[in-house]
Amino acid sequence: MDIFIQQLINGLTTGSVYAVVALGYTMVYGVIQLINFAHGEVVMIGAMVAFSVIVSLAGSGLPPLAIVACGIIAAIPSCMIIGYFLERVAYRPLRHAPRLAPLITAIGMSIILQHLALLVWGRNPIAFPQIIDNPSFAIGGASITGVQIAIILLCFAMMAALTWFVFRTKFGIAIRATAEDVRVAGLMGINANAVIAATFVIGAALGAIAGVMFGTYYGIVHYTMGFILGLKAFCAAVLGGIGNIAGAMVGGILLGLVEAMATGYIGEITDLCRWPGGGTSFLVERCADGGNFVLFGSNYQDVFAFLVLILVLVFRPSGLLGERVAERA
Amino acid sequence: MAQALIEVLNLEVRYGGIAAVRGVSFAVEPGEMVCVIGANGAGKTSTLKALARMIPSSGEIHYDHLRVEKMLSHELISKGLALVPEGRGVFARLTIRENLLMGAYHRNDTADIDADLDKIFVMLPRLKEREKQLAGTLSGGEQQMLAIGRAIMGRPKLLLLDEPSMGLAPIMVEKIFEVIKGVAAQGVTVLLVEQNAKLALEICSRGYVMENGRITVADTSANLLADSRVRAAYLGE
Ligand SMILES: Nc1ncnc2c1ncn2[C@@H]1O[C@H](COP(=O)(O)OP(=O)(O)OP(=O)(O)O)[C@@H](O)[C@H]1O
Ligand SMILES: [Mg+2]
């Protein structure tokens, strides 16, 4: 098996999910400079709602794809309502408060949503029903599954749709105008509250679909899954340049790839037996006959996203695509 | 006196403990072109921001049978009240065309919007050439043109302009003032705030002088241009 190509495929899959989740962070940040830390939990709720719908329809005799589609269709409005509710109840009253206040509320909301999920779906990891066939296709010494193909295609379709919406429609342009200057946007007749609510609702809808894809891909959902997924997507948004829509997409995919590559190769790279002089000293016995002495294994997977975050914050805080345009004269 | 298009009564603006506008009253009739002149910090911008509901104020603002002080900023443009803010406020990361379309955000008459876009591009040919360029790449003068064009796209009845000459070379200022005159000639009522008192008084029929948050003189432009105090304080003589 070709590790490189395999990890490319795996990275592209998780990366495109990160990208879609990252869009939710970046759109909200772009307009009100708030990091909606509860966004990861919205994604989790999307996965959970879809889980419940899929399980309850499993015996209904509907075709499996239709059942999964029902799961997604139920998850989307549920998440949109939560997104709207978050903005309305938790953030809007604090719009003009010091920046720290809504940040703390965001964390509070995230805890509340987690515990709501805990009450409804319990504290144990739940196996996400794998009801659709998942054929595997050979490709360049590696393999890609039907689910991976579906996830990648769906994510790219969503990104294309969002790009079209934000750059080609009147309301999309109004979102960008509001992101740049709320007061002047108001002079144009743009209702800032409507725009802000829309960014939450759109981000939540994308997040719902991402949640279902994530559940389908890993086959497991848990009430805390939104935390790490959200945090990684947030890293992706920062990597691309938070507030920048194209940046979130690039950052998400890049982060998925970095994570997959690092996970794929970390064992080899940190195998002391492969290092110069590895066969000598105290390692001799371990390394004999193709043995190894691996410092870090692929269970370090979750570290890389944060490593990337730290590197970006140190070397390029504005992110890859952040703020290169001439500022207001 | 005919029915005023906008009548301001006893307007006050405070920033914390500081009163920036202290009981200002004035009126502009339909079709008039009126200016407010005054030194830095006189309260001109604060007055316009209050009219456009960008900041809270007390006092009454009557505009076209509406009580503006009870309205929200984004409700005004559909009633025909537009402000070109100080410092232009163009959306730097939007293209020129997108900026202009945002000016027409409240309108739904797509065909007429396209026609108005064409008119603006005839009036401001420099913008036409750069239609798809980001507004942030324009020069200061071009941005001012864009800001005015964008306001016109909203088909205002009353256009408030806050120091359109700010930071521009004299030749550019003249061009901008030509554009403003052209807009007024089409029947738009104009309230112009300016530090460039001479130019402002030359194109407006009346003027108000604002000092320390109060209107201290109100007269025709001809009289203001002849007034020795005004000449000394604002015309550099
Ligand atoms: N956001 C603010 N917070 C506190 N004080 C302010 C604020 N904006 C304006 N002021 C003060 O209010 C007073 C009037 O300011 P304003 O901007 O209305 O004056 P202006 O006549 O437009 O001046 P300029 O010609 O320099 O633009 C000034 O003393 C100014 O310092
Ligand atoms: Mg001013």
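This structure is a prediction, so every number in the text was calculated from the model and none was measured. Letters A, B, ... are given to chains in the order of the sequence lines, protein chains preceding strands, and every chain is numbered from 1.
- At a 4.5 Å heavy-atom cutoff, B/Leu76 makes no contact with chain A through either its backbone or its side chain.
- Crowding of B/Gln133 atom CD: a count of heavy atoms from other residues, nucleotides or ligands under 6.0 Å exceeding 12.
- The heavy-atom pair separating A/Met188 from B/Arg150 by the smallest distance is CE-NE, 3.4 Å.
- More than 12 heavy atoms of other residues, nucleotides or ligands sit less than 6.0 Å from atom CZ of A/Phe167.
- Other residues, nucleotides and ligands contribute at most 12 non-hydrogen atoms within 6.0 Å of the CZ atom of A/Phe315.
- The environment of CZ in B/Arg67 is crowded: more than 12 heavy-atom neighbours from other residues, nucleotides or ligands sit within 6.0 Å.
- To the nearest 0.5 Å, the span separating CG on B/Leu160 from CG on A/Leu187 amounts to 9.5 Å.
- By number of non-hydrogen pairs under 4.5 angstrom with chain A, the leading residue of B/Thr95, B/Leu81, B/Ile77 is B/Ile77.
- If you measure heavy-atom distances from B/Arg53 to chain A, you find no contacts under 4.5 Å at all.
- Counting all heavy atoms, side chain and backbone alike, A/Val184 lies closest to B/Gly89 at CG1-O, 3.3 Å.
- Distance check, rounded to the nearest 0.5 Å: NE2 of B/His74 to CG of A/Asn193 gives 7.5 Å.
- Under a cut-off of 6.0 angstrom, the local environment of NZ in A/Lys170 is crowded, with over 12 non-hydrogen atoms contributed by other residues, nucleotides or ligands.
- Among all heavy-atom pairs drawn from A/Arg183 and B/Met54, the shortest one is NH1-O, 3.3 Å.
- Contacts of residues 97-131 of chain B with chain A at a heavy-atom distance below 4.5 Å involve B/Glu98, B/Met102, B/Gly103, B/Ala104, B/Tyr105, B/His106, B/Arg107, B/Asn108, listed in sequence order.
- At most 12 non-hydrogen atoms from other residues, nucleotides or ligands lie less than 6.0 angstrom from CZ of A/Phe85.
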